[in-house]
Amino acid sequence: MRWIIGAAITVGIALIIMFVISRGSGQVTIVENAAGSLITPGQGLFSSMTLRIKGWFQNRQDYNDLLVENHELQMEIDSLSIQLQNAEEEMQENDRLKALLDVAERYESQDPVYAAVIAKDAGVWFDSFTINKGTLHGVSVNNAVITADGLVGRVYEVGLNYAKVRSIISASSSVACLVQRTRDNGVVTGQVETTAGDECRMNYLPNITSVVPGDVVVTSGVDMLFPKGIQVGTITSVSRQTDTVDKSVIVKPSVDFYHIEEVLVLRVVFETADSLKPIPTPSPKPIVTPKVTPSPTPVPGTTSVPTANPNWSYPTATPAPETIPTPAPTLPEESWAKG
C-alpha cells in the first residue's frame, strides 16, 4: 500500500516538473490541451448564464425602480391636474361673482343678497330650484331673482335658511314686460312644460307688426313684482296670425337655464294690487230729525200751564193779533229833501 502511494506521489511530482518545464518553453501540453478543451465550453456557458442572470436581476430592479418613479410621476401629474382644475373652477367662479357684483351695484337700491343653488327639480331645466338663503337672511315671497345675464324668476316659498324659486320659463310664471325699442307692453309666460325648449311666449302686444326678431324684451314694472328694466330675453320669431288671441312673439331668455349656480335675490318687495288695502268710503253725515214733544197730560183738579218751548209753539183757538210794524225814524236827509 505504501509503495502505491509513493508511486503516485512520484508520478505527480514528475508531471508537475514536466508542466513547469513545458510552460516555461511556451508550449501547451497534451494534458492542458485536453483539460482546456473540456473546461472552456463550460466556462463560456457558465459566463453566459451568469451574465444573463445578472442582467435579469438588474432589469428587474430597473423595472421596479421605473414603476415606482412612474407611480410618483403619475401622482404628481394627478395633483397638478387637480390644482389646474381647481384654479380653472376658481377663475370661472371669480368671473361669475365679479359679474354678480357689478349687477349688485346696479341694483343696490333693491337690497340684493347673494345666494347659491343647492337643489333643483328633476329634468335638465332650472324651471324650479332651491337656494341657500331664507327668512334669516331677509328673503321673502315674491322677491325677484336675477343673474348677471338677466331675470331668472321670483321666490314662491321661503323657509328659515332656504327659498324656492320659480323661473320665468315655467308655465305657471308670467311677467309684465315691454319691447325695449317700441315700448309696447305685453306679458311673457313660460312654456317649458309643453315644449322641449326654454323659449317663452309674449302675448297681448298692441301692435305686433312693429316688432321684429332681435328686439330686446325687458321688465315693465307694471305688475309691481319685478323692477323695471331687467333684461328678459330677445325676440326670435313673430306670429303673423290675424286672430287677436294668436298674436304673439317667441322670446329667447337671456339667462342660461341649463346652468344656474349663483343668483342675486332683490329683497325689496313691491306691493301688489291684492296687498293694497281699499280706501274706506266716508259715511254720510247723519240727518237730525226733530222729535215731537208730546203734549203734557193734565192732572184732574189742576190747571196745566204748558211749558214754553223755544222751538215749538202750541196752537191756540184765537189767532194772534196782527203785528203793526213800527215806522222807521225819519232821517235828516229826508227832511232836507222835503223842505
Side-chain angles (χ1 to χ4, degrees), residues 93 96-97 99-101 103-104 106-177 187-203 217-233 251 253-277:
E93 184 178 3
R96 294 194 305 268
L97 294 180
L100 283 177
L101 181 61
V103 175
R106 190 189 317 163
Y107 293 99
E108 185 177 0
S109 60
Q110 303 298 323
D111 192 19
V113 62
Y114 166 85
V117 177
I118 57 175
K120 63 181 289 293
D121 288 350
V124 298
W125 301 107
F126 280 79
D127 55 328
S128 180
F129 56 90
T130 306
I131 58 177
N132 63 346
K133 293 293 189 295
T135 54
L136 294 177
H137 311 90
V139 177
S140 59
V141 175
N142 288 334
N143 283 161
V145 180
I146 64 174
T147 66
D149 297 323
L151 180 65
V152 174
R154 66 184 180 91
V155 175
Y156 72 93
E157 182 181 323
V158 63
L160 288 177
N161 57 357
Y162 76 93
K164 293 185 178 181
V165 179
R166 179 175 290 115
S167 304
I168 62 173
I169 63 174
S170 174
S172 57
S173 173
S174 61
V175 183
C177 298
V187 177
V188 172
T189 57
Q191 49 184 2
V192 72
E193 284 85 353
T194 58
T195 64
D198 61 341
E199 293 181 332
C200 301
R201 184 178 296 273
M202 187 174 185
N203 300 306
V217 177
V218 298
T219 55
S220 64
V222 298
D223 54 5
M224 302 189 74
L225 288 176
F226 304 99
K228 184 177 181 180
I230 302 177
Q231 184 165 332
V232 176
V251 179
S254 301
V255 175
D256 180 11
F257 285 99
Y258 268 124
H259 314 94
I260 299 178
E261 298 181 53
E262 303 93 6
V263 296
L264 284 178
V265 182
L266 306 183
R267 291 179 289 185
V268 173
V269 181
F270 291 88
E271 288 185 333
T272 61
D274 296 336
S275 64
L276 294 177
K277 295 181 179 180

Test applied, side chain to side chain contact (heavy atoms under 4.5 Å, CB included); reference residue, Leu151; option that passes from Val255, Ile146, Val188: Ile146

From [atom1] ([X]) to [atom2] ([Y]), nearest 0.5 Å:
X: Asn143; Y: Lys133; atom1: CG; atom2: NZ; result: 13.5 Å
X: Thr130; Y: Lys164; atom1: OG1; atom2: NZ; result: 5.5 Å
X: Leu264; Y: Tyr107; atom1: CG; atom2: OH; result: 10.0 Å
X: Ser172; Y: Tyr156; atom1: OG; atom2: OH; result: 8.5 Å
X: Arg154; Y: Leu266; atom1: CZ; atom2: CG; result: 14.0 Å

How close do [X] and [Y] get, counting heavy atoms only, and between which atoms?
X: Ser174; Y: Thr189; result: CB-CG2, 3.8 Å
X: Gln231; Y: Ser254; result: NE2-OG, 3.0 Å
X: Arg201; Y: Gln191; result: NE-OE1, 3.8 Å

Considering only heavy atoms from C-beta outward, does the side chain of [X] approach that of [Y] to under 4.5 Å?
X: Tyr162; Y: Leu160; answer: no
X: Val217; Y: Met202; answer: yes
X: Asn132; Y: Tyr114; answer: no
X: Tyr258; Y: Val124; answer: yes
X: Phe126; Y: Val165; answer: no
X: Val152; Y: Ile168; answer: no
X: Trp125; Y: Ser170; answer: no

For [Y], does its backbone N or O pair with a side-chain atom of [X] as donor and acceptor, under 3.5 Å?
X: Thr147; Y: Asp149; result: yes
X: Thr219; Y: Gly229; result: yes
X: Asp223; Y: Ala176; result: yes
X: Gln110; Y: Pro227; result: no
X: Ser173; Y: Gly190; result: no
X: Asp127; Y: Ile169; result: no

Residue pairs meeting salt bridge (Lys or Arg N to Asp or Glu O under 4.0 Å), one or both in residues 255-264, sequence neighbours left out, come to Arg96-Glu261, Arg96-Glu262

Inter- and intrachain pairs under salt bridge (Lys or Arg N to Asp or Glu O under 4.0 Å), touching residues 107-123, at least two apart: Asp111-Arg267

Please evaluate residues Val155 and Val145 with respect to the criterion side chain to side chain contact (heavy atoms under 4.5 Å, CB included), reporting the C-alpha separation (whole Å), side-chain torsions for both, the decisive distance (0.1 Å), and the verdict. CA-CA 7 Å; Val155 175; Val145 180; 3.9 Å; yes

Which is it for Ser128 and Arg166 under the side chain to side chain contact (heavy atoms under 4.5 Å, CB included) test, yes or no, and what are the steps along the way? CA-CA 5 Å; Ser128 180; Arg166 179 175 290 115; 5.5 Å; no

Is there a side chain to side chain contact (heavy atoms under 4.5 Å, CB included) between Phe129 and Ser167? Walk through the geometry before answering. CA-CA 8 Å; Phe129 56 90; Ser167 304; 3.6 Å; yes

